[in-house]
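Because the structure is a prediction, the values reported are computed rather than measured. First listed ligand is number 1; within each ligand, the first listed atom is number 1.
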Amino acid sequence: MINIPKGTKDVLPQDAYKWHYIEDTARKTAALFNMKEIRTPVFEHTELFLRGVGDTTDIVNKEMYTFKDKGDRSITLKPEGTAGAARSFIENNLGAGPLPVKMYYIIPAFRYERPQAGRLREFHQFGIEVYGAAGPDADAEVIFAASSFLEKLNIKNVKLNINSIGCKTCRARYNAELKAYLLPHLDEMCETCRARFEKNPLRILDCKEEKCKALNRGAPRIIDFLCDDCSAHFRKVQSLLTAGGLEFNIDPNIVRGLDYYTKTVFEFVSEEIGAQGTVCGGGRYDGLIEELGGNPTPAVGFAAGIERLILLMENTGVAFPEEQGPQVFVAGMDEDSRIEAFRLVCALRREGISAECDHTGRSLKAQFKYADKIGARHVIAIGGNELESGECNVKRMADGNVTPAKISEICAYFKEME
Ligand code: ATP
Ligand code: MG
């Protein structure tokens, strides 16, 4: 037998409704915020992620699924959604239209990580991208979109943490301070962080190793080094969140894993799903579009991990609306009535009524059992008598209630019910 690759998961037919529910909720949330879907390829040129995600990130350094295709091109399965959306925005000149451009995506993403609960090698993200709005209201809009999504899913026990990581100017000043603080502790840090120390010290704050986390708790805070512009921006984001009734904490250690972030960064975190508690992360990345060769364009967005949301909902008993079985199961007793059952099912489906019949030659009794198992809401049995009289009985499975109906009017009978 061939097994599923490590770190990937099947969504089985009996669980697919959970995914549909989350995806539908994502699409509805996006529509409420006037966002349209962008679909980009599952793979891109590796170069896109080297530049768009950044070569000091874990994603680029350790986690990408990169391979040569038969034309000797270096190709990478997308590890996240922003770089592809940004590439497409530039390539299709979307910036020429009315701004901001507001987009969302629901994608599979691929990262070669150590699989754990809530950490997979193929996982799925719902994300949004808002391009062309520099002001703090766009940041707040994006945070509200994430919050509204979680709220619609009935997820309550998540906390919103925000931070600002400033712009190039404030970060240069901060990096110097941070390095001065960390320098005496270099040998206490993990190997990865020692490498980050020169290349991108800010990223050290993102480290998940206990010894580095302990060190980071005493580190200077970047919000104390923001320039006037970044500081005003951050204050305005906070007052907009407050105005909209959203509670938040300022967490000076959120820096996000990606190189292109500027100013606002945020995470929605749960304590109910173990170490992988971040269900949604986002922020502003004003440098990205230009970095990828486009005109300078401010950008802000988030990505939420669907597997972690499902885990959170399951662990905290948040209900998924149950999937309904077919509206009607039509059972046939013998050769002729089976054909009639099949014909009825075809007619019902044509009218948009979900209907099912037997496909494995079951006895009548076994058909009833099967209808019950698949959750059929009504059952009709057709035999010689029904064929002759043109009448049948519709049994409502919920309470066993039986109603007579004309076979020729069966579609109308069920249409009235919908
Ligand atoms: P983490 O710190 O947990 O590694 P990240 O900072 O790498 O997360 P992002 O790149 O911001 O994550 O991705 C956004 C969201 O996608 C995360 O908040 C999480 O919900 C989800 N996610 C990221 N990596 C994985 C993964 N390997 N498996 C499942 N979900 C993931
Ligand atoms: Mg990660």
Could you tell me whether the side chain of Tyr21 and the main chain of Glu323 form a donor-acceptor pair under 3.5 Å?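 Side chain of Tyr21 to backbone of Glu323: no pair is present.
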
Decide whether an N or O pair under 3.5 Å exists between Leu120 and ligand 1.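 Yes: some nitrogen or oxygen of Leu120 is under 3.5 Å from one in ligand 1.
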
Would Ile59 count as a polar contact of ligand 1, with the cut-off being nitrogen or oxygen pairs under 3.5 Å?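 In this structure, Ile59 places no N or O atom under 3.5 Å from an N or O of ligand 1.
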
is_close_aromatic(Phe49, His45), centroid dist under 6.0 Å: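 For Phe49 and His45, the ring centres are not under 6.0 Å apart.
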
Suppose we call two aromatic rings close when their centres sit under 6.0 Å apart. Are Phe126 and Phe302 close by that rule?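 Yes: the rings meet the under 6.0 Å criterion.
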
For the pair [X] and [Y], find out whether any cationic side-chain nitrogen is under 4.0 Å from an anionic carboxylate oxygen.
| X | Y | answer |
| --- | --- | --- |
| Arg396 | Asp399 | yes |
| Arg338 | Glu340 | no |
| Arg119 | Glu113 | yes |

If you count the atoms of ligand 1 from 1 in the order shown, which ones are under 4.0 Å from a heavy atom of Ala303?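 Counting from 1, the qualifying ligand atoms are 14 (C), 15 (C).
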
Contact partition for [X] relative to ligand 1, non-hydrogen atoms under 4.0 Å:
| X | result |
| --- | --- |
| Gln276 | neither |
| Ala109 | neither |
| Val279 | backbone |

Angle class for the His185/Tyr181 ring planes (parallel below 30°, perpendicular above 60°, tilted otherwise)?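 The arrangement is tilted - the two ring planes meet at 30° to 60°.
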
Return the option from Arg121, Glu267, Arg111 holding the heavy atom at the smallest distance from atom 10 (O) of ligand 1.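 It is Arg111 whose heavy atom sits nearest to atom 10 (O) of ligand 1.
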
Out of Arg308, Gln125, Glu307, whose heavy atom is nearest to atom 8 (O) of ligand 1?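 Checking each option, the heavy atom nearest atom 8 (O) of ligand 1 is found in Arg308.
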
Any heavy atom of Glu63 closer to ligand 1 than 4.0 angstrom?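 For ligand 1, residue contact (heavy atoms, under 4.0 Å) with Glu63 is absent.
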
